[in-house]
Amino acid sequence: MTNPQVDKIELSKYSQVIYARAQELFTKHRNTRYWLTVVNERYDQQFNFFFNIVPRGQRHKSIPLHTLERYSLPLLERTVAELRSVLPVTYEFVGFTGMTWPESGRVIQYRREFDE
């Protein structure tokens, strides 16, 4: 299934892979929550992307989408910006407490999660 909106936007190879995998899972069912989680793996020096699905009254599913093995915050910022322009879900960041985006200077994650 192709989206004409995506054809107009030039996506990087990382964004294309993540978008293609997430688009298969984003079925837009009623009473279902969807969101994308980006995890900073400091010890492995990589960023992991997960697609989360919670149908009402059912269990939470977290499906791994892709790993950015290049540990570069500017690359991650561009990738997330491209994904936000084509994938209309909520974005959650884990492991980025106190860090800021290099280009925009905005804080990535304000509060630490309870399991960090």
Side-chain angles (χ1 to χ4, degrees):
M1 173 168 70
T2 60
N3 186 347
Q5 180 186 15
V6 176
D7 296 337
K8 297 175 189 174
I9 300 171
E10 188 72 27
L11 296 177
S12 68
K13 64 179 180 179
Y14 304 113
S15 300
Q16 287 175 355
V17 169
I18 296 166
Y19 175 74
R21 292 177 182 170
Q23 197 62 18
E24 293 174 7
L25 301 168
F26 188 41
T27 54
K28 301 179 185 174
H29 281 102
R30 195 172 159 188
N31 294 325
T32 303
R33 290 184 52 220
Y34 301 94
W35 72 95
L36 196 77
T37 302
V38 182
V39 179
N40 180 11
E41 293 287 341
R42 287 180 225 148
Y43 302 111
D44 293 334
Q45 297 287 300
Q46 63 189 17
F47 302 110
N48 296 321
F49 288 81
F50 297 91
F51 194 78
N52 299 283
I53 305 169
V54 182
R56 185 178 201 167
Q58 295 182 21
R59 300 187 103 178
H60 172 246
K61 296 177 197 168
S62 182
I63 302 154
L65 292 179
H66 191 64
T67 298
L68 281 182
E69 293 181 356
R70 219 172 116 206
Y71 196 64
S72 167
L73 211 48
L75 173 65
L76 179 66
E77 183 177 18
R78 282 192 304 276
T79 304
V80 169
E82 291 172 356
L83 288 172
R84 280 188 168 155
S85 67
V86 294
L87 196 59
V89 296
T90 301
Y91 291 81
E92 173 188 41
F93 296 93
V94 177
F96 294 92
T97 308
M99 297 174 73
T100 59
W101 292 116
E103 288 183 28
S104 67
R106 296 181 65 198
V107 175
I108 301 172
Q109 177 187 356
Y110 287 100
R111 288 181 285 166
R112 178 178 231 145
E113 297 292 325
F114 70 92
D115 56 352
E116 284 185 58

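Sequence positions, counted from 1, serve as the residue numbers for this chain. These numbers come from the heavy atoms of this one structure, side chains and all, not from hydrogens, waters or symmetry mates.
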Trainee: Rounded to the nearest 0.5 Å, what separation is found between the CZ atom of Arg78 and the OH atom of Tyr14?
Mentor: 9.5 Å
Trainee: Apply the test side-chain contact (heavy atoms from CB on, under 4.5 Å) to residues Trp101 and Leu76: give CA-CA distance (whole Å), side-chain angles for both, the deciding distance (0.1 Å), then the verdict.
Mentor: CA-CA 9 Å; Trp101 292 116; Leu76 179 66; 4.0 Å; yes
Trainee: Got a second to check how far Ser12's OG is from Tyr19's OH, nearest 0.5 Å?
Mentor: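 OH of Tyr19 is found 14.0 Å from OG of Ser12.
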Trainee: Rounded to the nearest 0.5 Å, how far does CD of Gln23 lie from CG of Leu65?
Mentor: 11.5 Å
Trainee: Should Ile108 and Val38 be marked as a side-chain contact (heavy atoms from CB on, under 4.5 Å) after you check the CA-CA gap, both sets of side-chain angles, and the distance that decides it?
Mentor: CA-CA 11 Å; Ile108 301 172; Val38 182; over 6 Å; no
Trainee: Look up atom CG in Leu36 and atom OG1 in Thr90, then write down how far apart they are to the nearest 0.5 Å.
Mentor: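 Answer for the CG-OG1 pair, Leu36 versus Thr90, is 10.0 Å.
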Trainee: Could you tell me which residues satisfy ring-ring contact (aromatic ring centres under 6.0 Å, His included) with Phe47, sequence neighbours excluded, listed by chain and number?
Mentor: Tyr71, Phe96
Trainee: How far apart are the closest heavy atoms of Leu11 and Glu82, and which atoms are they?
Mentor: CD2-CB, 3.7 Å
Trainee: I'd like to know if the side chain of Glu77 reaches the main chain of Glu103, judged simply by a donor and an acceptor atom lying under 3.5 Å from each other, with no hydrogens or angles considered.
Mentor: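 Between the backbone of Glu103 and the side chain of Glu77 there is a qualifying donor-acceptor contact (under 3.5 Å).
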Trainee: Using the test side-chain contact (heavy atoms from CB on, under 4.5 Å), find all partners of His29 that sit at least two apart in sequence or belong to another chain.
Mentor: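 So His29 forms a side-chain contact (heavy atoms from CB on, under 4.5 Å) with Thr27, Thr32, Tyr34.
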Trainee: What is the minimum heavy-atom distance between Asn48 and Phe50, and which atoms define it?
Mentor: CB-CE1, 3.6 Å
Trainee: List in chain and number order the residues that pass side-chain contact (heavy atoms from CB on, under 4.5 Å) with Pro88, two or more places apart in sequence or in another chain; answer none if no residue qualifies.
Mentor: Phe26
Trainee: Gln109 side chain to Gly95 main-chain N or O, any donor-acceptor pair under 3.5 Å?
Mentor: yes
Trainee: Can you name the side-chain contact (heavy atoms from CB on, under 4.5 Å) partners of Arg59, sequence neighbours left out?
Mentor: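 So Arg59 forms no side-chain contact (heavy atoms from CB on, under 4.5 Å) with any residue.
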Trainee: More than 12 foreign heavy atoms under 6.0 Å from CZ of Arg33: is that the case here?
Mentor: no
Trainee: Between CG of Leu25 and CD1 of Ile53, what distance do you get to the nearest 0.5 Å?
Mentor: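 Here the interatomic distance stands at 5.0 Å.
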Trainee: When you group the ILVMFWY residues by side-chain heavy-atom contacts below 4.5 Å and let the links chain together, are Val39 and Val54 in the same group?
Mentor: no
Trainee: Which value, rounded to the nearest 0.5 Å, describes the distance between His66 atom NE2 and Ser15 atom OG?
Mentor: 9.0 Å
Trainee: Evaluate the side-chain proximity of Arg21 to Val17: yes if any heavy-atom separation is below 4.5 Å, no if none is.
Mentor: yes
Trainee: Trp35: which residues meet the side-chain hydrogen bond (donor to acceptor under 3.5 Å, both in side chains) condition with it, sequence neighbours left out?
Mentor: Thr37, Glu92
Trainee: What residues form a side-chain contact (heavy atoms from CB on, under 4.5 Å) with Glu69, not counting sequence neighbours?
Mentor: Gln46, Thr67
